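Encoded as structure tokens, the structure appears first; notes follow it.
Predicted model, so just to flag it, every value in this text is computed and none were measured. To find a chain, count down the sequence lines: A is the first, B the second, and so on, and within it residues start at 1.
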Amino acid sequence: MALLQIAEPGQSPQPHQRRLAVGIDLGTTNSLVAALRSGLSAPLPDAEGRVILPSAVRYHADRIDVGHGAREAASADPLNTILSVKRLMGRGLADVKQLGEQLPYRFVGGESHMPFIDTVQGPKSPVEVSADILKVLRQRAEATLGGELVGAVITVPAYFDDAQRQATKDAARLAGLNVLRLLNEPTAAAVAYGLDQNAEGVVAIYDLGGGTFDISILRLTGGVFEVLATGGDTALGGDDFDYAIASWIIESAGLSSDLDPSAQRRLLETACAAKEALTDAEVVSVSYDGWQAELTRAAFDALIEPMIARSLKACRRAVRDSGVELEEVSAVVMVGGSTRVPRVRSAVGELFGRQPLTDIDPDQVVAIGAAIQADTLAGNQREGGELLLLDVIPLSLGLETMGGLMEKVIPRNTTIPVARAQEFTTYKDGQSAMMIHVLQGERELISDCRSLARFELRGIPAMVAGAAKIRVTFQVDADGLLSVSARELGSGVESSIQVKPSYGLTDGEIARMLKDSFEHAGNDKVARQLREHQVDAERLLEAVQGALDADGERLLDAEERLAIEQQMQDLRDLMNGTDGAAIEQQTKRLSQVTDAFAARRLDSTVKAALAGRNLNEIEDN
Amino acid sequence: MGTPCHFALFDLQPDFRLDLDQLASRYRELARAVHPDRFADASEREQRLALERSAGLNEAYQTLKSAPRRARYLLAIGGHEVPQEVTVHDPEFLFQQMQWREELEDLQDSADLDGVAAFKRRLKVAQDALNEEFAACWNDAAQREQAERLMRRMQFLDKLAYEVRQLEERLDD
């Protein structure tokens, strides 16, 4: 593993050195990692020159296989070879039971309601399985780019809810990746397509992957990608086309639908092969266990018609939500391997009244777009001006109120980041705690929505019932993740909040997994933590130095500047030592001392934007 | 409250008539300046600040973009906070309200898509008319009551427009 270069105190790293960052498409069926090199964004290949890494993980007693080898072994070892784990992320045991007949795995419950898969290496959560895929991609990237990564942009379906997003972030953490941003897949595709075509106007992205479907309507204006509305279905994808064919085979062949796991796998593989063959052929011969028949494209189209109809309905709703007319959509872009199915293309073309675009490889376009954003977020300068991605929350966020009803606090398709406040009061004298149940969804009954988490507010000052005014602020960040804060308005006391996620890993489970992964990798935990503190310190020092160089003279007086520089020097002195805790503490102190400076810089940038002037112009004055 | 007026944030004079394209353009410039993505490699505090500012900017933009919300906001910053829940004394409009609602219910029962389209067009005409009336009187202290009445009517029609969209979705089944 490459060593991180830590600069001599007083020196900053070479200004022309690019900071290495990648875009990762963690797909249901296939995953990719891409990077921007010499101005070109492209997926990175493995040693055999293949860019696609099948999202397949096989657990042996003593090792883990990820990718092509694992996928090929799926029918031979169905219980230990995990495919399409993305369908299980952020889901509960009950959801999984629904998918149950289609998944051959043995499920066991964990501390939370998250389903663990029993393998020969013990129970694995979907988060761990995803982390194993991400680890391979990370290693590939570091080997190819020749250095340690500053971070990665990881894509998620736009329609993923908070639990599914958090699970993805947890997986990245376990894989040792710094997540620069969770990026919605259609938005990533829009970036790749938009920059490639220098497009302007309203664009629709139809993204049909292995397990998820997204439709996003965006407006592109000079480097700003504004999502107007998004919709989709996180349980609709090419896999479902395979299941449809598999069911047809079972029916036509008169088989029992109670197949053993290995037979199930073989059946799905046969179905998948038939589906792919029908992209170019009008009819295909399907054989399974001695039985054989012909499947025509027309028959296949009929099998998948209900699923395509579902996707088109989501498209119509997204267009309605976006506030634009169907005619205003100037381009439709196809994303995801499943959009190769001819009937999908023709159906989408019919709805939007135009030929869908497939210029950029539908399997690669998401990773390519993610890599472009990753490069910008890592701090590298971009030629041609800066990108701005304005995304939205895909599902309404709300609270459980009396009678099992869901009251919406933040409606779907609200631009993020967003913050909304709601006021509550106590109903008992002296009540010091309160529980808030947060859900996502569009329906009125909470039983029809997805439970996200229960937030326990504690530390409410003792008052007469009804006297306390507790303002609870719901904030959704750019990743689409929710955080909640609460304050009693009269006293100004901030409540402490304990989060109990409904479908997430508990802190205990994550800690255990992190510990296990260290031990497994043979790393000394203490040494690793020390390095992490050093890296954080280095990042902060770089950021503050950059800020001082740019605006120090203009926005700080001599005394303030001296105070900051003193803290920076103290941090540098500690950094080359071995006291991780002291480094962490000094990093915090430096961060606090530069708080006011940061606020001033932000104000100044805002003023400049208003005055319509470029920042560079101001510095020249 | 300490937060700048929404209009000031966009460097605009408080007014009901607004060039929406200009507003959108300024929004994009401001979003560029404060979006958390610009601070991905900055300190945690800067990131949090950016997050707060962004959320505030988005709130301001959504308020000014929507005519009824803009109207309500203008009256509020004029020093007259209009309470949300209050019994409406608007007998003239009450009758129209009932008519709109009945029509919407009929459309739902008959599942008449052309009828829904026509309803939407008339709704838009009504909204435009209200906007004009409001623009003419909001700034006149003597017509304060009328302005508030108009603003409530705008809110009603806005809610109705939302319900039409929900109807369209149900009919799409």
Looking at CZ of Arg32(B) and OG1 of Thr605(A), how far apart are the two atoms once the value is rounded to the nearest 0.5 Å?
13.5 Å
Heavy-atom cut-off 4.5 Å, strictly under: side chain, backbone, both or neither for Leu377(A) against chain B?
both
Give, for atom CD of Glu442(A) and atom CD of Glu169(B), the distance between the pair rounded to the nearest 0.5 Å.
8.0 Å
Check the surroundings of atom CD in Glu92(B): do more than 12 heavy atoms from other residues, nucleotides or ligands lie under 6.0 Å from it?
no
Non-hydrogen side-chain atoms of Asp172(B) and Lys313(A) separated by less than 4.5 Å:
yes
Go through Gln373(A), Arg539(A), Arg420(A) and name the one with the most non-hydrogen pairs under 4.5 angstrom from chain B.
Arg420(A)
Heavy-atom contact with chain A under 4.5 Å, split by part of Phe39(B)
side chain
Structural part of Gln62(B) lying under 4.5 Å from a heavy atom of chain A
side chain
Kindly write out the residues that satisfy side chain to side chain contact (heavy atoms under 4.5 Å, CB included) with Asn58(B), not counting sequence neighbours, or none if the list is empty.
Thr415(A), Pro417(A), Tyr27(B)
Any carboxylate oxygen within less than 4.0 angstrom of a Lys/Arg side-chain nitrogen, looking at Arg181(A) and Asp37(B)?
yes
Measuring from atom NE2 of His35(B) to atom CG of Leu388(A), what distance do you get when rounded to the nearest 0.5 angstrom?
5.5 Å
Top contributor to chain B contacts, counting heavy-atom pairs under 4.5 Å, from Leu180(A), Val606(A), Val476(A)
Val606(A)
Name each donor-acceptor pair under 3.5 Å that joins a side chain in residues 11-19 of chain B to protein atoms two or more places apart or in another chain, with its distance.
from: Arg17(B); atom 1: NH1; to: Glu132(B); atom 2: OE2; distance (Å): 3.3
from: Asp19(B); atom 1: OD1; to: Asp21(B); atom 2: N; distance (Å): 3.1
from: Asp19(B); atom 1: OD1; to: Gln22(B); atom 2: N; distance (Å): 3.3

Region of Ile416(A) that comes under 4.5 Å of a non-hydrogen atom in chain B
backbone
Most heavy-atom pairs under 4.5 Å with chain A, out of Glu59(B), Glu46(B), Arg53(B), Glu52(B), belong to Arg53(B)
Where does Asp479(A) contact chain B at under 4.5 Å (heavy atoms): side chain, backbone, both or neither?
neither
Tell me the closest heavy-atom pair linking Leu602(A) and Ala33(B), and the distance in Å.
CD1-O, 4.1 Å
Residues which pass side chain to side chain contact (heavy atoms under 4.5 Å, CB included) with Glu102(B), listed by chain and number, not counting sequence neighbours:
none
May I ask you to list the residues in residues 114-123 of chain B that approach chain A closer than 4.5 angstrom, counting heavy atoms only, ordered by number?
none
More than 12 heavy atoms of other residues, nucleotides or ligands under 6.0 Å from CD of Glu423(A): is that the case?
yes
Would you give the length of the straight line joining atom CZ of Arg48(B) to atom CG of Asp477(A), rounded to the nearest 0.5 angstrom?
12.5 Å
Who wins among Leu57(B), Leu51(B), Leu49(B), Leu9(B) for the most heavy-atom pairs under 4.5 Å with chain A?
Leu51(B)
Under 4.5 Å to a heavy atom of chain B? For Ala378(A) that would be backbone
Quick check for you: among Arg317(A), Gln475(A), Glu226(A), which has the greatest number of heavy-atom pairs under 4.5 Å with chain B?
Arg317(A)
